[in-house]
Amino acid sequence: MTATTTPELVSYEDALATYDPVMGLEVHVELGTKTKMFCGCSTELKQDANTQTCPTCLGLPGALPVVNEIGVESAIKIGLALHCEIAEWCRFARKNYFYPDMPKNFQTSQYDEPIAFNGYLDVQLEDGEVFRVEIERAHMEEDTGKSTHVGGATGRIHGASHSLLDYNRAGIPLIEIVTKPIVGAGERAPEVAKAYVAELRELIKALGVSEARMEQGQMRCDVNLSLRPHGQEKFGTRSETKNVNSLRSVERAARFEIQRHAAVLGAGGTIIQETRHFHEDDGSTTSGRVKEEAEDYRYFPEPDLVPVAPSREWVEALRATLPELPLAQRNRLREEWGVSAHDMQSILNAGAIGPIVATINAGADAVSARKWWMGELARNANEQGVDLGSLPITPEHVARVSALVTAGELNDKLARQVIDGVLKGEGTPDEVVDKRGLKVVSDEGALNAAVEEAIAGNPAIADKIRGGKVAAVGALVGAVMKATRGQADAARVKELILEQLGVEG
Ligand code: ADP
Ligand code: MG
Ligand code: ZN
């Protein structure tokens, strides 16, 4: 076994009693552009392997790249939203290394001239405290292709008989966002890491530059972590846990590394600078490769691309298009809706802020918009294991259902059936109402007839009510609701029964 083998892990509390964690988070975001970063190939996924390629993204001799304007625009928007300075002039650089998923033998990236630098992102922790994470840089680069290792048991390269390569992803634009060393978070470091990635994801989605779905690899995080003894200025040696792809895993990876570093250091060992793999099953990390130094990549400015020199007018025009930042929006909505920090967190975790706001914009009141998305629809999404945005119902549909309830044409129970119909693909709310015959019976004549029938069919109960036992009215209301297949307004039914029996309500 190597020197990186972990002795017994140290408990989290003991680790923090001796050391301060220092973290650095590198997040890659795949942009939602229609075409790749340096050629016109489509970025659409799930196509047959190697059908979305051309001489440029395959690195054939003589092919020349051209910069995707929307890629640059997205990078500037991200930079501005992160309060960064935007370079007046910057270049792409070649990062040279060989790996079969990268046909050019270099990745077109940015090195010492990133498009955006020196910013920050405020993130809110579970208890409401705001922690500022400083941003070092955000730069543009391109994704690699995808290798599939065949023949082994685990899908890993070890034990595989051969590998398949798909270059459809090669050249899809990526923005890499790198934090400055995060210090001072103490025992909350893993929580800060998770909150940062969560807030960054909200920001990216709000900017509309990517859907930032971590489970689909559209956003992934490398967690750098080191420990230093309390009171020591100098940073310790870091490990870099690569490609962590869920919020929970980011937190777990940071936590595990704190415990592992403390164990190694406590036993008199040294941490070597290396990359590590995170394992979802038990939350551990294992050694990857010893970290390259920048000089191993032989970076040099890309000679085939012109420098990027965004005019200040363009930058300011883009700044003017920025939406309200998600944290500010959540604080504003909390006030407007009068909900607790805890409830707002649940709404955020459910991914319901966007749908609720859109439903309100489509005419619904805030209370019913929240009620539907956080109730019926959240339950449905949960059951199917999808997020709210993937349900086959639109905010306009929900607003329409809410309007029908307000107008008294649907009661709550019927409204739930309408939602159910829309989710089952039976059409718009109005179509479902028609097809399923769902409408509150508001025709007083029909209601009165149903009430008469219920009284005639239950003489004993009717006598009780006449005798003053008004609470017994529930049984008759139930009978009328049954007769009208739930399509009556229960409160009105109760009034009519009491009226017919000549009893005060
Ligand atoms: P590399 O490309 O080698 O990973 P970067 O500078 O792009 O290097 O990213 C390193 C990340 O780790 C940055 O977020 C940086 O702030 C952070 N970092 C640097 N030194 C340390 C350290 N000693 N401990 C923890 N994090 C560190
Ligand atoms: Mg790195
Ligand atoms: Zn191409």
Side-chain angles (χ1 to χ4, degrees), residues 19-28 33-44 47 50-60 63-68 93 95 97 103-104 107-112 114 117-121 133-139 141-145 166-185 189 192-193 196-197 200 221-228 232-243 250 253-254 257-258 261 265 270-276 288-297 299:
Y19 303 102
D20 273 332
V22 175
M23 272 188 320
L25 301 169
E26 299 168 76
V27 173
H28 284 93
T33 53
K34 285 207 170 64
T35 56
K36 293 186 180 180
M37 192 64 199
F38 303 111
C39 63
C41 288
S42 164
T43 55
E44 207 169 313
Q47 305 297 306
N50 297 308
T51 54
Q52 324 261 19
T53 56
C54 72
T56 299
C57 56
L58 289 177
L60 301 187
L64 288 173
V66 176
V67 177
N68 182 331
K95 181 179 183 181
Y97 66 95
K104 300 193 297 187
Q107 180 190 31
T108 308
S109 181
Q110 292 195 286
Y111 178 46
D112 49 358
F117 50 95
N118 275 346
Y120 65 86
L121 179 64
V133 175
E134 312 263 359
I135 306 291
E136 172 82 38
R137 57 195 271 148
H139 71 247
E141 58 182 39
E142 59 179 336
D143 213 341
T144 58
D166 174 8
Y167 293 118
N168 285 353
R169 199 180 63 186
I172 289 188
L174 293 180
I175 304 296
E176 178 173 344
I177 300 147
V178 183
T179 69
K180 293 184 179 169
I182 300 169
V183 298
V192 167
Y196 168 76
V197 178
L200 187 57
C221 179
D222 299 343
V223 180
N224 293 270
L225 189 127
S226 67
L227 296 183
R228 53 178 176 177
Q232 178 182 306
E233 191 78 24
K234 193 169 174 287
F235 292 165
T237 303
R238 68 184 155 116
S239 59
E240 181 177 357
T241 306
K242 303 291 283 183
N243 290 325
V250 167
E257 281 298 282
I258 288 172
H261 280 227
L265 296 172
T270 46
I271 295 289
I272 54 167
Q273 194 174 328
E274 62 178 354
T275 65
R276 296 186 69 87
R289 58 185 155 82
V290 173
K291 183 74 183 166
E292 303 79 3
E293 294 296 330
E295 49 270 29
D296 293 330
Y297 289 120
Y299 279 102

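For ligands, and for the atoms within them, numbers begin at 1 and follow the listed sequence.
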query: What do you reckon, does E176 have a nitrogen or oxygen under 3.5 Å from a nitrogen or oxygen of ligand 1?
result: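 There is no such contact.
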message: I'd like to check whether T237 has a polar contact with ligand 1, where a contact means an N/O of the residue lying under 3.5 Å from an N/O of the ligand.
response: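 Min N/O separation from ligand 1 is not below 3.5 Å for T237.
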- prompt: Any idea how Y111 and Y299 line up, ring-wise: parallel (<30°), tilted (30 to 60°), or perpendicular (>60°)?
  reply: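 If you compare the ring of Y111 with that of Y299, the planes turn out parallel.
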field: Donor-acceptor pair, side chain of T43 and main chain of T33, under 3.5 angstrom
entry: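 Yes; judged by distance alone, with no hydrogens or angles, the pair exists.
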message: Test your reading of the model: is there a side-chain donor-acceptor pair from S42 to the backbone of T35, 3.5 Å cut-off?
response: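 Looks like no, no N/O pair under 3.5 Å.
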query: Given that the side chain starts at C-beta and the backbone is N, CA, C, O, which of these parts of M23 lies under 4.0 Å from ligand 1, counting heavy atoms, or is it both or neither?
result: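 Contact part for M23 vs ligand 1: backbone (N, CA, C, O).
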task: Report the part of E26 in contact with ligand 1, treating N, CA, C, O as backbone and CB onward as side chain, heavy atoms under 4.0 Å; options are side chain, backbone, both, neither.
output: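 The side chain, only.
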Numbering as shown, the atoms of ligand 1 that approach [X] to under 4.0 Å (heavy-atom distance):
X	value
L25	14 (O)
E240	4 (O)
V178	9 (O), 13 (C), 14 (O)
G24	12 (O), 14 (O), 17 (C), 26 (N)
G236	23 (N)
K180	16 (O)
P181	16 (O)

- prompt: Picking from D222, L225, V223, what satisfies side-chain contact (heavy atoms from CB on, under 4.5 Å) with E240?
  reply: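 Checked D222, L225, V223 against E240; only one passes side-chain contact (heavy atoms from CB on, under 4.5 Å): D222.
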task: Look at atom 13 (C) of ligand 1 and find which of I177, V22, T179, N224 reaches it with the closest heavy atom.
output: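 It is T179 whose heavy atom sits nearest to atom 13 (C) of ligand 1.
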message: Please state which option from H139, R238, E134 has its nearest heavy atom closest to atom 10 (C) of ligand 1.
response: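 Minimum heavy-atom distance to atom 10 (C) of ligand 1 goes to R238.
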Beyond-backbone contact of [X] with [Y], side-chain heavy atoms, under 4.5 angstrom:
X	Y	value
E44	Q52	yes
C221	V27	yes
N118	K180	yes

message: Between the side chains of E257 and R276, is the shortest nitrogen-to-carboxylate-oxygen separation below 4.0 Å, so that they form an ion pair?
response: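 So R276 pairs with E257 through a salt bridge.
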- prompt: At what distance, to the nearest 0.5 angstrom, does OG1 of T179 lie from CE of M23?
  reply: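 Going from OG1 on T179 over to CE on M23, the span is 7.5 Å.
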